[in-house]
Number of protein chains: 2
Amino acid sequence: MSCRGLLITVTGKMQLMATPKQRATVQGGAVRSVLADGAGFSSAQDIHAALRLQGKPVGLSTVYRHLQSLVEQGAADVIQSPDGEATYRYCGETTSAHHHHLVCRKCGHTEEVTARAIERWAADIASKFDFSDVDHTVEIFGTCAPCRRTADEIALDT
Amino acid sequence: MSCRGLLITVTGKMQLMATPKQRATVQGGAVRSVLADGAGFSSAQDIHAALRLQGKPVGLSTVYRHLQSLVEQGAADVIQSPDGEATYRYCGETTSAHHHHLVCRKCGHTEEVTARAIERWAADIASKFDFSDVDHTVEIFGTCAPCRRTADEIALDT
DNA sequence: ACTGCTAACGACAATCACTCCCACTAACGA
DNA sequence: TCGTTAGTGGGAGTGATTGTCGTTAGCAGT
Ligand SMILES: [Mn+2]
Ligand SMILES: [Mn+2]
Ligand SMILES: [Zn+2]
Ligand SMILES: [Zn+2]
């Protein structure tokens, strides 16, 4: 971590720098908007492809950088898909409270879930075994109603 | 999935094959024992390295194959480490019931946890949103008492 | 509006966990 | 002991993610 917040110029002047805000770039906006449009979780590669289709291609590295940054800001969630790929989902600026997800395995559609009971349970378990700095992951996967219906139709075609 | 259980020989005899049991190989035993010795979760690469150190090297592919197989048998758990690497942990033959983990972030020490309440909660949430084929992951991470103590001592040395 | 500083880009190389492939080996029932 | 074939392993291949570094473009200051 570099030393920020205080800058001494070659002329000897001393200036106070406000919280060094990050620059607003078109690429950053594009990534954010694509992520926000997607209904469920999508991978960095998905987003990269979507941007290319939209006719405003953004470098893959840049996509990764912005996704990371959004996660740090709490504006996006990451979960590791079952096959180990990181997938991201936009969380409105306001929705940054702690929560969990109910994710459709087929289409990625996601419902946000909060449950006081689970939080308390996790804390209780931890204190029971004398663990501290506790954190937890809770994700529920399944097949949503629309996807189930689609699957049924396909089965009939056979 | 291939057709198993019935074998017709070239001589025309028909034979019933019992559950096609897998062969007991030295490699399989080695992988299982290394996994069983490890206290917490370890990666395939870790296990591969450990075997090499022990002087009985096993091919990396083989390590992966056996870990997968152990998982399918319910004799091992997999979780994706925060950085996306799959990590495995031995679960005694008997412990094959559904359960979750309380894992020390520092040393990997793991406590197995079961909670009827959580299972029911997950099921309820799923039915509430009309999801089927439900599955869930619940992991709690923290710092165990011994590791916390160690950290404190180091802090004092400064 | 013009300028300088430097954060942010992006093409490409590099890493790395994991999977495939396939000739070869060894477990084990007959 | 023998034949069948599951199991092995080295090496090549895959695909996501990260690192590099010369170039581009926000934006604060003038
Ligand atoms: Mn929670
Ligand atoms: Mn377990
Ligand atoms: Zn769905
Ligand atoms: Zn510990």
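Protein chains get the first letters and strands the later ones, always in sequence-line order, with residue 1 at the start of each. Values below: all heavy atoms of this structure, side chains included; hydrogens, waters and symmetry mates excluded. Computed from a predicted structure; not experimentally measured.
Partners of A:R23 according to the salt bridge (Lys or Arg N to Asp or Glu O under 4.0 Å) rule, which considers only residues two or more places apart in sequence or in another chain, do not exist here. The salt bridge (Lys or Arg N to Asp or Glu O under 4.0 Å) search around B:D124 returns none, not counting sequence neighbours. In terms of the side-chain hydrogen bond (donor to acceptor under 3.5 Å, both in side chains) criterion, residue partners of B:H136 (sequence neighbours excluded) are, by chain and number, B:H98, B:H100, B:E119. Taking A:D46 as the reference, A:S43 meet the side-chain hydrogen bond (donor to acceptor under 3.5 Å, both in side chains) condition, with sequence neighbours excluded.
Other residues sharing the hydrophobic cluster of A:V103, ordered by chain and number and joined by side-chain separations under 4.5 Å: A:F41, A:I79, A:F141.
Interface residues of residues 36-44 of chain B facing DNA chain D, ordered by number: none; criterion, heavy-atom separation under 4.0 Å. A heavy-atom distance below 4.0 Å to DNA chain C is reached by these residues of residues 56-64 of chain B, ordered by number: B:S61, B:Y64.
The side-chain hydrogen bond (donor to acceptor under 3.5 Å, both in side chains) pairs that include a residue from residues 74-84 of chain A are A:D77-A:H99, A:D77-A:H101, A:S81-A:D83, where partners are two or more places apart or lie in different chains. Within the structure, salt bridge (charged side-chain N to carboxylate O under 4.0 Å, His left out) pairs that include any residue of residues 127-147 of chain B comprise A:R148-B:D130 (at least two apart or interchain).
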Give the table of side-chain donor-acceptor pairs shorter than 3.5 Å for residues 50-64 of chain B, with sequence neighbours excluded, one pair per line with atom names and distance.
unit_1 : atom_1 : unit_2 : atom_2 : d
B:T62  : OG1    : B:R65  : NH2    : 3.2
B:Y64  : OH     : B:Q45  : NE2    : 3.1

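Terminal axes of the helix from C:dA1-D:dT30 to C:dA30-D:dT1 (five pairs each, C1' rotation axis) are separated by 40°, to the nearest 10°.
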Using nucleotides 26-29 of chain C, report all nitrogen or oxygen pairs with the protein that are shorter than 3.5 Å.
unit_1 : atom_1 : unit_2 : atom_2 : d
C:dC28 : OP1    : B:A24  : N      : 3.1

